[in-house]
Asks: 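Just passing along the structure, written as structure tokens.
If you're wondering where the values come from, they're calculated on a predicted model, not measured in any experiment. Each chain gets a letter, A, B and so on, in the order the sequences are listed, and its residues count up from 1.
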Amino acid sequence: NAGVTQTPKFRVLKTGQSMTLLCAQDMNHEYMYWYRQDPGMGLRLIHYSVGEGTTAKGEVPDGYNVSRLKKQNFLLGLESAAPSQTSVYFCASSYYGGATFSNYGYTFGSGTRLTVV
Amino acid sequence: GQQVMQIPQYQHVQEGEDFTTYCNSSTTLSNIQWYKQRPGGHPVFLIQLVKSGEVKKQKRLTFQFGEAKKNSSLHITATQTTDVGTYFCAGPSGGGADGLTFGKGTHLIIQP
């Protein structure tokens, strides 16, 4: 199994450009998440989805939009990129939400390193 | 919302020494999870703790959940170079958000 696959792995954008990050999972997980990781800030939740057709805001949602049209895919969009969005973006998926007891935790993708100049 | 504080931010040890990282929450947690991220890699799930006072071991790693379910620790005995990386704790986000809030992580640096 591939697990969680993120594309692209690297991208450089100019300020004001738009792009979509794709996350695909083949584990039939209900829950999917987008996190950003910045030096000294740990992982911060951007948006998440508890099932196909649903999305919800996380801790730092401004400047991002998401869609979950198919259960296996979770898209993260940047409509007008800003230098403050330079970061490493991780997608994750899980059987259960954060408050549920589980022996599996989250499965993360390998990340997308985005630079906005 | 939920806040999870983790200390220390960095820890330098000599190979063979022990290592401990601590995690503290402002509120009681229903569970706490631990993840490891190798340099340049992605977080990998290690374990989840659920019960008050719970202790779990994975080879040289010992995980503890406090009696009040507000703190947790990860202890590594006799570190090896393969232990290098950042260790994160994470708890339920709360406030209606069904995700995990991660601590900022402890970077473990091992000197041979």
Asks: Could you report the tightest heavy-atom contact between B:Phe88 and A:Gly42, atom names first, then the distance?
Replies: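 B:Phe88 and A:Gly42 have their closest heavy atoms at CE2-CA, 4.1 Å.
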Asks: Does the B:Tyr35 side chain pair with the main chain of A:Tyr106, one donor and one acceptor, at a distance under 3.5 Å?
Replies: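 Yes: the side chain of B:Tyr35 pairs with the backbone of A:Tyr106.
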Asks: Is it true that B:Phe63 and B:Leu29 fall in one hydrophobic cluster, defined by side-chain heavy atoms closer than 4.5 Å?
Replies: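 Looking at the clustering, B:Leu29 is in the same group as B:Phe63.
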Asks: Roughly how far, to the nearest 0.5 Å, is NE2 of B:His42 from CG of A:Leu43?
Replies: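 Going from the CG atom of A:Leu43 to the NE2 atom of B:His42 covers 12.0 Å.
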Asks: Determine whether more than 12 heavy atoms belonging to other residues, nucleotides or ligands lie under 6.0 Å from atom CD of B:Gln58.
Replies: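 It does: B:Gln58 CD has more than 12 such atoms within range.
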Asks: Please say yes or no: joined through hydrophobic side-chain contacts below 4.5 Å, possibly via intermediate residues, are B:Ile47 and B:Tyr87 part of one cluster?
Replies: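 B:Ile47 clusters together with B:Tyr87.
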Asks: Around atom CZ of A:Arg113, are there more than 12 heavy atoms of other residues, nucleotides or ligands at under 6.0 Å?
Replies: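 Result for CZ/A:Arg113: open.
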Asks: Against chain A, label B:Gln6 side chain, backbone, both or neither, depending on which of its atoms sit under 4.5 Å from a heavy atom there.
Replies: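 No part of it gets close to chain A.
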Asks: Going only through I, L, V, M, F, W and Y residues with side-chain contacts under 4.5 Å, is there a path from A:Phe90 to A:Tyr33?
Replies: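 The answer is yes; both residues are in one hydrophobic cluster.
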Asks: Which bit of A:Gln37 is near chain B, if near means a heavy-atom gap under 4.5 Å: side chain, backbone, both or neither?
Replies: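 A:Gln37 touches chain B through side-chain heavy atoms alone.
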Asks: Mind checking the OG1-CG spacing from B:Thr101 to A:Leu45? Nearest 0.5 Å is all I need.
Replies: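 One gets 7.5 Å once the value is rounded to the nearest 0.5 Å.
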Asks: Side-chain heavy atoms under 4.5 angstrom apart, residues restricted to Ile, Leu, Val, Met, Phe, Trp, Tyr: same cluster for B:Val13 and B:Leu61?
Replies: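 In one cluster with B:Val13: B:Leu61, yes.
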Asks: Sort by residue number and list every member of residues 76-85 of chain B having a non-hydrogen atom under 4.5 Å from chain A.
Replies: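 No residue falls under the 4.5 Å cut-off.
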Asks: Say whether A:Leu21 and A:Val4 are linked into one hydrophobic cluster, either directly or through other cluster members, by side-chain heavy-atom distances under 4.5 angstrom.
Replies: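 Different hydrophobic clusters.
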